Amino acid sequence: MTKGSNDFTVILLSIILLLSLSCGKKGPPTLKAYERPETPSALSALHREDKLILLWSYPDNQRQMIKGFYILRQGDGFERRYFVGSDKGLFIDSDFKLNTTYSYRVVAQGLKGVSSNDSNIVTVTPRTVLPPPDDIRFEIKNDSIELSWKASGKGACYNIYKTRQKGRYADIPLNSKPICTTSFRDIVEPDRPVYYSIRAVLNTDIMDEGYASGELEVNPSSFIPSPPSDIRAVRNDDRIYLMWKEAPEPWVKGYRVYRRAEGESMFSLVGEVRIPAFTDTVKAAGVVSYMIRTAGPSIESGPLVVNVDAGH
């Protein structure tokens, strides 16, 4: 056998060996892993307390194709300062100075080190934040709750935060845009306590937002409804029909009716109704007194009393 045929035989055996060793193993990475990743978009910034918060968007179905994101900040030029994982869409920068201008952009890095195009650039100049508002109060209106507070300073606007879990607030305020007055109305939740916190905000491009105020608890157990009014009583044989004007608060639970016959010293509960009407069957003679109270979540209103001649 010639030397050339020996070389060919060695090469052929090597190929067969490689093929046998590769059986059952994954094939080489696809070209998709080398493609340029999607570009992060909608980069924005918020200055809250002593933090600059950067937020961006990225398609969820593309996150498995990247290692993560580089956050670039401009000094003498843009430099890669931070890296976060592929599941992130937020970064907090605490290394900055007030009244200094910074520019940021975000780049996605693929699994094979290929970088995406740059996101949009966001430029910020964080300002000194205002102190939190003080003396926060609430007042229950007929169909709403009104918050009020003392101003934090000239030019202050405010963001309102609300939670049902004491001390735990979402990052998104209740209001859709900053409130530049010192009051705010919200819906009433009559079944459980809620909590509010307020932050002063400068109405700048990045909404420089200050520290949270003290927490205000609004507990429906303290709500006092309006008393009934304009009561009317009609007697027919051994029945007395009572009707009155409905209380204006939509969160009332109903009405409680108390009765005191002539000669009795105490009112006794004789009925609870959802509507402003009650029918009583009376066999007692003389004057019968009725006391009606509106039932709130926990507390009753003041009384409305009417006297009815039940006959003999």
Side-chain angles (χ1 to χ4, degrees), residues 133 135-151 158-166 173-198 213-236 239-260 266-282 287-310:
D135 194 23
I136 303 173
R137 304 183 181 190
F138 75 91
E139 183 179 355
I140 298 298
K141 303 295 185 179
N142 288 349
D143 58 353
S144 63
I145 177 172
E146 184 174 283
L147 306 179
S148 62
W149 57 89
K150 287 185 178 178
Y158 305 91
N159 283 334
I160 316 298
Y161 294 86
K162 178 182 178 180
T163 182
R164 298 184 181 95
Q165 293 181 282
K166 184 177 176 64
L174 191 60
N175 46 293
S176 58
K177 60 182 180 179
I179 297 162
C180 297
T181 62
T182 55
S183 64
F184 177 76
R185 284 201 174 194
D186 191 22
I187 61 171
V188 176
E189 296 194 34
D191 299 322
R192 54 188 163 184
V194 295
Y195 305 88
Y196 293 90
S197 183
I198 305 175
S213 70
E215 188 170 63
L216 174 69
E217 178 182 6
V218 178
N219 195 325
S221 65
S222 65
F223 294 0
I224 303 176
S226 301
S229 61
D230 194 23
I231 190 169
R232 300 180 184 182
V234 177
R235 176 179 169 273
N236 183 9
R239 285 181 172 80
I240 294 177
Y241 300 92
L242 302 174
M243 294 164 286
W244 57 91
K245 187 176 180 179
E246 186 175 20
E249 299 89 355
W251 42 264
V252 301
K253 300 294 185 181
Y255 306 89
R256 294 192 178 111
V257 182
Y258 300 82
R259 182 180 66 207
R260 184 182 64 192
M266 302 286 291
F267 281 94
S268 299
L269 180 66
V270 292
E272 296 186 56
V273 291
R274 293 284 300 172
I275 62 174
F278 180 74
T279 301
D280 191 21
T281 301
V282 180
V287 175
V288 177
S289 298
Y290 292 94
M291 178 176 67
I292 304 171
R293 295 177 182 268
T294 307
S298 296
I299 301 176
E300 294 182 353
S301 72
L304 175 65
V305 178
V306 63
N307 298 318
V308 182
D309 187 355

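Because the structure is a prediction, the values reported are computed rather than measured.
For I187 against I145, the heavy-atom pair with the smallest separation is O-CG2, 3.6 Å. Of all non-hydrogen atoms in Q165 and Y195, the two that sit nearest each other are C-CD1, 4.3 Å. Taking both residues in full, the closest heavy atoms of G296 and K253 are given as O-CG, 3.4 Å, listed atom of the first, atom of the second, then distance. For the pair A295 and P225, the tightest heavy-atom approach, listed with the atom from each and the gap, is C-CG, 4.1 Å. Closest approach of K150 to P133, counting heavy atoms only: O-CB, 3.5 Å.
Two residues are said to be in side-chain contact when any heavy atoms from C-beta on lie closer than 4.5 Å; R235 and D309 fail this criterion. Between E215 and K166 there is a side-chain heavy-atom pair separated by less than 4.5 Å. Contact of the S298 side chain with the P220 side chain is not registered, since no non-hydrogen atoms from C-beta on lie closer than 4.5 Å.
Of the inter-residue distances, the one linking T163 atom OG1 with L174 atom CG reads 11.0 Å to the nearest 0.5 angstrom. Taken to the nearest 0.5 Å, the CD1 atom of I240 stands 10.5 Å off from the OG1 atom of T279. To the nearest 0.5 Å, the span separating CZ on R259 from CG on L269 amounts to 10.5 Å. Atom-to-atom distance recorded for Y258:OH and I292:CD1 is 11.5 Å, nearest 0.5 angstrom. Note that the CD atom of E146 and the CD1 atom of I140 stand 10.5 Å from one another [nearest 0.5 Å]. Once rounded to the nearest 0.5 Å, the distance linking CH2 of W251 with CG of D143 reads 11.0 Å.
In this structure, the side chain to side chain contact (heavy atoms under 4.5 Å, CB included) partners of S144, at least two apart in sequence or on a different chain, are K141, R185. For Y290, the ring-ring contact (aromatic ring centres under 6.0 Å, His included) test picks out no residue, with sequence neighbours left out. Under the rule for a side chain to side chain contact (heavy atoms under 4.5 Å, CB included), S268 has no partner lying at least two apart in sequence or in another chain. Every ring-ring contact (aromatic ring centres under 6.0 Å, His included) that Y158 has, sequence neighbours left out, goes to W149. By the ring-ring contact (aromatic ring centres under 6.0 Å, His included) test, F278 pairs with no residue at all, sequence neighbours left out. With sequence neighbours excluded, no residue forms a salt bridge (charged side-chain N to carboxylate O under 4.0 Å, His left out) with E217. Shown here are the salt bridge (charged side-chain N to carboxylate O under 4.0 Å, His left out) partners of R274, two or more places apart in sequence or in another chain: there are none. Every residue meeting the salt bridge (charged side-chain N to carboxylate O under 4.0 Å, His left out) condition with R256, not counting sequence neighbours, appears here in chain and number order: E272, E300. Partners of R239 under the salt bridge (charged side-chain N to carboxylate O under 4.0 Å, His left out) rule, at least two apart in sequence or in another chain, do not exist in this structure. Here S197 pairs with Y169, A212, S213 under the side chain to side chain contact (heavy atoms under 4.5 Å, CB included) rule; sequence neighbours left out. With sequence neighbours excluded, the residues that form a side chain to side chain contact (heavy atoms under 4.5 Å, CB included) with S148 are R137.
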### Task
Step by step, work out the side-chain contact (heavy atoms from CB on, under 4.5 Å) result for T294 and W244.
CA-CA 11 Å; T294 307; W244 57 91; over 6 Å; no
* Asked: Going through the checks in order, is the side-chain contact (heavy atoms from CB on, under 4.5 Å) test met by F223 and V218?
  -> CA-CA 9 Å; F223 294 0; V218 178; 3.9 Å; yes
List the steps and the verdict of side-chain contact (heavy atoms from CB on, under 4.5 Å) for F184 and I198.
CA-CA 11 Å; F184 177 76; I198 305 175; over 6 Å; no
- Determine, step by step, whether N175 and N159 satisfy the side-chain contact (heavy atoms from CB on, under 4.5 Å) criterion, reporting the C-alpha distance in whole Å, the side-chain angles of both residues, the deciding distance to 0.1 Å, and the verdict. CA-CA 7 Å; N175 46 293; N159 283 334; 3.0 Å; yes
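Residue pairs meeting the side-chain hydrogen bond (donor to acceptor under 3.5 Å, both in side chains) criterion with at least one member in residues 224-233, sequence neighbours excluded: S226-E249.
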